[in-house]
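Residue numbering restarts at 1 for every chain, and letters A, B, ... go by the order of the sequence lines. Just so we're clear, the structure is a prediction, and the values are computed from it rather than from any experiment.
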There are 2 protein chains.
Amino acid sequence: MDGLTINQAAETTGWSPRMLRYLDTSGLVSPPRSSASYRLYGPGELQRLRTLRELLEKQEIEISDVGFAQRLRSEPHLRGAVEGWLDELAEPPEGVSDQADWLRFEQQKHERLLALAGDRG
Amino acid sequence: MDGLTINQAAETTGWSPRMLRYLDTSGLVSPPRSSASYRLYGPGELQRLRTLRELLEKQEIEISDVGFAQRLRSEPHLRGAVEGWLDELAEPPEGVSDQADWLRFEQQKHERLLALAGDRG
DNA sequence: CAAACCCTGACACAAGCGTGGTAAGGTTTG
DNA sequence: CAAACCTTACCACGCTTGTGTCAGGGTTTG
């Protein structure tokens, strides 16, 4: 059996066993399992756990935020949609003079983003 | 007074006035104010509100997720730290053979990321 | 000036997150 | 085989999010 069991991993990382299970089901740190479904933490998982702790403390973010960042990375259509929304400015860019023009401009951008996203959502 | 007031904006966008205030304080859609601090929604804000609604529905994400995405964009050190953590793999890359090597590799990467982040957090 | 609007601040409440505990049952090991 | 571990599945609890409503007070407008 190679790799630390959940209690050993808890001791060396500072997380509680309960939280290690939570992080597993949250998809942030999911160690491989033994034949009897025991979680086996290798050096990779231990490192990830320690740096996760640092990340959360120093950046004042939540576990769910990291989960969302992971989603952003693994779902390109999601990323495209979110970035597209953030790019939408309240004020019209140069060269787009009146309101009608501007609305058309925004709607077209939106359509381009939806097309890029591939409408699977 | 140019721009819709909060109740008018609520009617045309489908959000409740309460939620428009919430979105304002959350930093997602913050319209300019009149001299008496009335929120004034222009076409830009209205568009942003409608597309936000679409974004949340279609992508099954939360308001706070969009807020976090905004933080990710406006705080490069945060973005660097999160992306760095997500890049940390459980398995060592090619050419890094034993565990000691691998741990050193990861730690150096981590330090590089922290340096890049500029340790203001 | 009075009605109809806007503001902020507060109370309320459901649902979810992060975390601890515990129970019932399988596995490993001395 | 018994002790010490592991598993999942629950109950619980405080805090945050998202949302409604209401009160007290300023503003705009007919």
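- Whole-Å rounding puts the B/E57 CD to D/dG18 C1' distance at 15 Å.
- In the set C/dT27, D/dT8, D/dG18, C/dT27 carries the atom at the smallest distance from any side-chain atom of A/A36.
- Note on B/R50 versus B/E54: no salt bridge recorded, every NZ/NE/NH1/NH2 to OD/OE distance being 4.0 Å or above.
- B/I61 has its CD1 atom 14 Å from the P atom of C/dC17, to the nearest Å.
- Whole-Å rounding puts the B/Y22 OH to D/dG20 P distance at 12 Å.
- Rounded to an integer number of Å, the gap from CG of B/L28 to P of D/dT19 is 12 Å.
- In this structure, CD of A/Q8 is placed 12 Å from C1' of C/dT28, rounded to the nearest angstrom.
- Every residue two or more places apart in sequence or in another chain was checked for a salt bridge (Lys or Arg N to Asp or Glu O under 4.0 Å) with A/R79, and none qualifies.
- Listed by chain and number, the residues in a side-chain contact (heavy atoms from CB on, under 4.5 Å) with B/Q8 are B/L4, B/T5 (sequence neighbours excluded).
- Applying the side-chain contact (heavy atoms from CB on, under 4.5 Å) test to B/Q70 and every residue at least two apart in sequence or in another chain returns A/L86, B/L28, B/R48.
- Across residues 65-73 of chain B, not one residue has a non-hydrogen atom less than 4.0 Å from an atom of DNA chain C.
- Residue A/E62 contributes atom CD, which lies 17 Å from atom P of C/dG16 at whole-angstrom precision.
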If you look only at distance, which donor and acceptor atoms sit under 3.5 Å apart when one is on a side chain in residues 16-24 of chain A and the other is two or more places apart or in another chain?
from, atom 1, to, atom 2, distance (Å)
A/S16, OG, A/M19, N, 3.1
A/D24, OD1, A/S30, OG, 3.1
A/D24, OD2, A/R33, NH2, 3.3
A/D24, OD2, A/R39, NE, 2.7

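- Residue B/R53 holds its CZ atom at 7.0 Å from OG1 of B/T13, rounded to the nearest 0.5 Å.
- Closest to the A/S35 side chain, of the nucleotides D/dC5, C/dT28, C/dT8, is C/dT28.
- The distance between atom CG of A/L20 and atom P of D/dT8, rounded to the nearest whole Å, is 13 Å.
- The main-chain N or O of A/L55 is never found under 3.5 Å from a side-chain atom of B/W85 such that the two would form a donor-acceptor pair.
- What separates CD1 of A/I63 from P of C/dG16 is a distance of 18 Å, to the nearest Å.
- Comparing D/dC5, D/dG18, D/dG26 by their closest approach to the side chain of B/Y38 singles out D/dG26.
- Put simply, the side chain of B/D65 gets close to the backbone of B/E62: a donor and an acceptor are under 3.5 Å apart.
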Is there any protein nitrogen or oxygen under 3.5 Å from a nitrogen or oxygen in nucleotides 20-24 of chain C, and what are the pairs?
from, atom 1, to, atom 2, distance (Å)
C/dG20, OP2, A/S16, OG, 2.5
C/dG20, N7, A/R18, NE, 3.0
C/dG20, O6, A/R18, NH2, 3.0
C/dG21, O6, A/R18, NE, 3.3

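- By the 4.5 Å heavy-atom criterion applied to side chains, A/E75 and B/Q59 are not counted as neighbours.
- Across C/dC17, D/dT19, D/dT8, the shortest atom-to-atom separation from the side chain of A/S64 is found for C/dC17.
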